[in-house]
Amino acid sequence: MKKIVAINAGPRKGFNTDTLVRKAADGAAAAGAEIIWFDLYRLEKFTGCISCFACKLEPNLGRCVVRDGLKPVLDAIREADGLIIGTPNYLGDVTAMFRALFERLIFQSLTYRREARNRNEHLIPVLMIMTSNAPEEFYAKAGYDAMLERYRGSLNTFVGPTEIMTCTDTLQVKDYSRYNWTMFDPEHKQKRHDEVFPLDCEKAYRLGNELLK
Ligand SMILES: Cc1cc2nc3c(=O)[nH]c(=O)nc-3n(C[C@H](O)[C@H](O)[C@H](O)COP(=O)(O)O)c2cc1C
């Protein structure tokens, strides 16, 4: 059975990112994949790359040796046939937990050799999902498109062919009336959540379903 690692790199369960990763995982499962699920914020403590360079020396070439909460995730990705990972946009970037995984995942395969930059020969399809408060129109001018392209570039090279799905203008909290936030129109946010978010869920399901095709 094909295995797909599905990762929620956001802290909240049951909200936008978690829901979309679950939908994508459901789609992959419906296509016959076994899902190995990780909630990055619920793992044992972990860090980003600690610059030990053990992955650049025998006998650990291409393998992060750090034994912390990310080890089972990196091991599972190494054995997997596909990867689904979702993150909310935090301050114009991915979450800190996504970034920690990204550093370890990419850097272990980077050779620093001109002849062949990537040591990972087991390339797998990747679906990266990012949710954001910002609407789509904001993406180009805020640099989100460029930021996502950078992630896509590294993932493409070191993990495998990457598709990026965005879910924009999300419902950030259930009850906006509790907050004195003048930037948002709560009615618009709720309407979008009711009307557009279900379509995003369908899209995530379809992309997950087609990931291994
Ligand atoms: C610390 C923090 C920083 C955020 N920064 C941004 C941002 O720079 N741009 C943006 O569009 N949304 C930003 N957001 C909003 C989230 O990306 C958005 O609400 C997302 O859909 C939340 O995902 P979740 O519902 O899975 O938690 C931020 C939220 C938090 C908590």
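Read the numbers this way: they start at 1 and go in the same order the structure lists the ligands and their atoms. For reference, positions follow the sequence shown, starting with 1.
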Exercise for the section: Hey, could you give me the CE/CD1 distance between Met128 and Ile84, rounded to the nearest 0.5 Å? Expected result: 14.0 Å
Problem - Thr170 contact mode with ligand 1 (heavy-atom cut-off under 4.0 Å) - result: side chain
Exercise for the section: Tell me whether the centres of the aromatic rings in Phe98 and Tyr151 are closer together than 6.0 Å. Expected result: yes
Problem - CH2 on Trp37 to CD1 on Ile7, rounded to 0.5 Å - result: 9.5 Å
Practice task
Decide whether Lys189 and Asn133 meet the rule of one side-chain donor and one side-chain acceptor closer than 3.5 Å.
Solution key: yes
Handout entry: atom 26 (O) of ligand 1 [closest protein heavy-atom partner, distance rounded to 0.1 Å]
Key = Thr17 OG1, 2.7 Å
Handout entry: Enumerated ligand 1 atoms positioned under 4.0 Å from heavy atoms of Ala134
Key = 10 (C), 11 (O)
Practice task
Just need the protein heavy atom nearest to atom 6 (C) of ligand 1, so name the residue and atom and give the distance.
Solution key: Asn89 O, 3.2 Å
Exercise for the section: Check the hydrophobic clustering (I, L, V, M, F, W, Y; side-chain heavy atoms under 4.5 Å; chains of links allowed) and say if Phe15 and Leu171 are grouped together. Expected result: no
Practice task
Consider only side-chain heavy atoms of I, L, V, M, F, W and Y, link residues closer than 4.5 Å, and tell whether Leu212 and Ile36 are in one cluster.
Solution key: no
Practice task
Note the single closest protein heavy atom to atom 27 (O) of ligand 1, along with its residue, its atom name and the distance in Å.
Solution key: Arg12 NE, 2.8 Å
Problem - Min side-chain heavy-atom separation Lys13-Asp39 under 4.5 Å - result: yes
Problem - Plane angle bin for Trp181 and Tyr179 - parallel if under 30°, tilted between 30 and 60°, otherwise perpendicular - result: parallel
Exercise for the section: Closest by any non-hydrogen atom to atom 23 (O) of ligand 1: pick that one out of Val173, Val21, Leu20, Thr131. Expected result: Thr131
Fill in the blank from the handout: If you scan protein heavy atoms around atom 30 (C) of ligand 1, the nearest is Tyr90 CE1, 3.4 Å
Practice task
Starting from atom 25 (O) of ligand 1, locate the nearest protein heavy atom and write down its residue, its atom name and how far away it is, to 0.1 Å.
Solution key: Asn16 ND2, 2.7 Å
Practice task
Pick whichever of Thr87, Asn133, Leu171 has a heavy atom sitting closest to atom 10 (C) of ligand 1.
Solution key: Asn133
Exercise for the section: Give the residue, atom name and distance (to 0.1 Å) of the protein heavy atom nearest atom 15 (C) of ligand 1. Expected result: Gln172 NE2, 3.4 Å
Problem - Residue portion contacting ligand 1 (non-hydrogen atoms closer than 4.0 Å) for Tyr144 - result: side chain
Handout entry: Numbering as shown, the atoms of ligand 1 that approach Pro88 to under 4.0 Å (heavy-atom distance)
Key = 17 (O), 20 (C), 22 (C), 23 (O)
Fill in the blank from the handout: In this structure, atom 5 (N) of ligand 1 is nearest to the protein heavy atom Leu91 N, 2.8 Å
Handout entry: Interatomic distance, Asp26 atom CG to Ile35 atom CD1 [nearest 0.5 angstrom]
Key = 8.0 Å
Exercise for the section: Note the single closest protein heavy atom to atom 8 (O) of ligand 1, along with its residue, its atom name and the distance in Å. Expected result: Gly92 N, 2.9 Å
